[in-house]
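Reviewing the structure listed below.
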Amino acid sequence: MSILRGKWSAISVPLLSVALGLFVGGIIMLVSGYNPFVAYAALFNGIFSNTYVLGETIRQMTPLILSGLAVAFAFRTGLFNIGVEGQLLVGWLASVYVGLQFEGLSPFVHIPLAILAAGVAGAIWAFVPGLLKAKYHVHEVITTIMMNYVALHVVNAIIRTYLLAPGERTEEIHQSASLQSAFLESITDFSRLHYGIVFAIIGAIIMWFLLWKTSTGYELRAVGFNKYASEYAGINVRRNIILSMVVSGAFAGAAGAMEGLGTYGYMTVMPDFTGVGFDGIAVSLLGANSALGVVLAAALFGGLKIGALNMQSVAQVPTQLVEIVIAMIIFFVASSYLIHWISNRVNKRGKI
Amino acid sequence: MKKKYGFMMSAVLAAGTLLSACGTNDESSGGGSGSEEGDKNNFKVAMVTDTGGVDDKSFNQSAWEGLQMFGEENGLEEDKGFKYVQSTAASDYQPNLSGLVRDNYDLIFGIGFLMQQDIQAIAQQKPEAQLALVDSVAVNESGEPLENVASITFKEHQGSFLVGVIAGMQTKSNKVGFIGGVDSELIKKFESGFKAGVKSVNPDAEIFEQYAGDFNAAEKGQAIAGTLYDKGADIIYHAAGGTGNGVFTEAKNRAKNGEEVWVIGVDRDQHEEGMPENVTLTSMVKRVDTAVIEVSKQTMEDSFPGGKVTEFGLEEDGVGIAETQENVSEDALKKVEEYKEKIQNGDLEVPKTDEEYEAFVSSL
């Protein structure tokens, strides 16, 4: 059981949690009268059986990577950014707005510009809670949650007032700002796979580089470990808190751009939150707040979400059951303390 | 089949009430299916719900009830011959629709105009697929109808006209209200039709209209209903989906305090929503189930109405007033029949837009 401790625990605990989550999910299916083997086979087929679902899985994981990175980045500085959802929405709107302007621009300018706008919008949205936290010690969990609602309604109001097209949505963005690709569609049987995945991977590399290869990143992580010690050591804690929130918000905004420029090409009036931002919390947790971990966890959750559609269609298992499985996985990751404790007990007993 | 006991129960109950309400089931379906069994049993039809889900007490539920009736009548097996797939998020629409196309379904319904983009995309990618879109018209980039999509729309203005007639007849304060979900072309049809109905029988009536800007904000619906009732309206017609639930809440609260106020429901017979205070005067029903059955039948008989807009109005029994009529006066019902005939004969053109309404009123 020593594999559950030490340097391997970052990998072994999530893996064990996934296995336990699937297992408990299977038991729940059994109790509810579904055949878990048929269901999981359908789930598996729904992720891998053809190029379409594979493309859709990658499409689904793209914004999840970025929202996971957003949560993980803030967490490294000891901040819980629950506001990824709201930052994602303002980012989505900003990217679509830029996508609607500047007709005739080269895609090599237009796409980065639109993503940049999304990042800036998300960053501004996250700056407010960051500033409140740094200056007045207002708890960021509360302010970011509130900012989610503000974002939802402000975004809807802006679309309704200035950008409305028939069908409760904005117009389609110009082709030059679109991440959609006829080539990717053709090799995946018309899935909505788009080039956003490239930007998501670049985002993961940026996060890794920023946190582990720069002195700024060192400061950010130091604040996360112990802000009093960091202050004593001469690190400007306030500055780092704001910086961390702003970068986190930029990732979240970019996640919105993936939806705006890639999956949809427009933005609808949102009746409710997308859930991508909240899923980012789970992705970050399962990915142990590391860049690579977030990418892998996003792939898992993206796969589960797309596979669930097939599970519903083929095995008649409600999609909600996949949400239960995801919740179980998170439960086991969050209770990794429990896993550690059990493994310690077993080890001690083994020694005695 | 224990697994779906609860669901089956409710489905059977729902189908049962519908069937019994429709009167006797024709016997030919039992005998006729024998000879054509092979052909009919190969037919596969499915629907994709929007995020409201199949038990939304409205649109999606009605469509599924229709599909179940169609399946039963034709001896199709659930999950093989007919089924539904739910969407948990807007991003699910496309994979859900596309999955059914790959499973070779003969006809796939997208329920609600929210799916228009996705249906249009898939229709162009998969020309061999046969799709149907409810409440909107599927077109390609140049605005031409797509040959493999059957578009289904309703003449909501006609049904709204009839409930308007009832409101105009039964208002005591001579003031009635209209609450819309989102100010859009679709909801304008409800509003114009309703107002025209009221004015036709009661030219002096005052009509207040207000939009909530949302289909899912019950608290807004309640607040607006409060304002309109305070202004003196005693009957409110809502065409606001979930927002309308707040209208019922407000009316029931007032009814408890002894005020005599009414709500006119929408989409389905909303009699239950008004209980136990019994505040539902009548409802404008939109028979999505009838439409689903009709298009499924046509498709099974090899006359898929692709590229066409099938409009369901009074003639097709696609819109009308609800079956629960205990709160509607005899006189009002007579008037409704009178106007129904006029509309069907073409003697009366019900307005769909603000401009048409203005013209209609000045012609009275």
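Since we're looking at a predicted model, the values are computed, not measured. Side chains are part of it too, since the values below use all heavy atoms of this structure and drop only hydrogens, waters and symmetry mates. Residue numbering restarts at 1 for every chain, and letters A, B, ... go by the order of the sequence lines.
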With a 4.5 angstrom heavy-atom cut-off, could you sort out which part of [X] is near chain B: side chain, backbone, both or neither?
{"X": "A:V269", "answer": "neither"}
{"X": "A:T319", "answer": "side chain"}
{"X": "A:E172", "answer": "side chain"}
{"X": "A:N50", "answer": "side chain"}

| query | Checking B:Q116 against chain A: side chain, backbone, both or neither under 4.5 Å from a heavy atom? | reply |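 Neither; nothing under 4.5 Å.
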| field | Check: A:Y52 main-chain N/O paired with B:R102 side-chain donor or acceptor under 3.5 Å | value |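 Flag not set: sc B:R102 to bb A:Y52 has no pair under 3.5 Å.
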| query | Of B:D79, B:V48, B:D103, which is the lone residue that meets side-chain contact (heavy atoms from CB on, under 4.5 Å) with A:S313? | reply |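 Answer to the side-chain contact (heavy atoms from CB on, under 4.5 Å) test with A:S313 among B:D79, B:V48, B:D103: B:D103.
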| query | Taking only residues two or more places apart in sequence or in another chain, which ones pass side chain to side chain contact (heavy atoms under 4.5 Å, CB included) with B:V137? | reply |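 B:V137 satisfies side chain to side chain contact (heavy atoms under 4.5 Å, CB included) with B:V139, B:S151, B:T153, B:V309 once adjacent residues are dropped.
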| request: Sort by residue number and list every member of residues 123-131 of chain B having a non-hydrogen atom under 4.5 Å from chain A. | output: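 Only B:Q125, B:K126 of residues 123-131 of chain B have a heavy atom under 4.5 Å from chain A.
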| message | Run the side chain to side chain contact (heavy atoms under 4.5 Å, CB included) test on A:Y266 and B:Q117 for me, step by step, so that the C-alpha distance in whole Å, both residues' side-chain angles and the decisive distance to 0.1 Å come before the verdict. | response | CA-CA 11 Å; A:Y266 55 86; B:Q117 284 294 319; 3.3 Å; yes
| Contacts with chain B made by residues 55-62 of chain A (heavy-atom distance under 4.5 Å), listed by residue number |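 A:E56, A:R59, A:Q60, listed by number.
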| request: In sequence, state the C-alpha distance, the side-chain angles, and the governing distance for A:L309 and B:D92, and then conclude on side chain to side chain contact (heavy atoms under 4.5 Å, CB included). | output: CA-CA 8 Å; A:L309 302 174; B:D92 290 347; 3.8 Å; yes
| request: Under the side chain to side chain donor-acceptor pair (under 3.5 Å) rule, what do B:T88 and A:K305 come out as? Steps first, then yes or no, please. | output: CA-CA 10 Å; B:T88 15; A:K305 278 179 183 291; over 6 Å; no
| With B:S87 via side-chain hydrogen bond (donor to acceptor under 3.5 Å, both in side chains) - residues at least two apart |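 B:S87 satisfies side-chain hydrogen bond (donor to acceptor under 3.5 Å, both in side chains) with B:N96 once adjacent residues are dropped.
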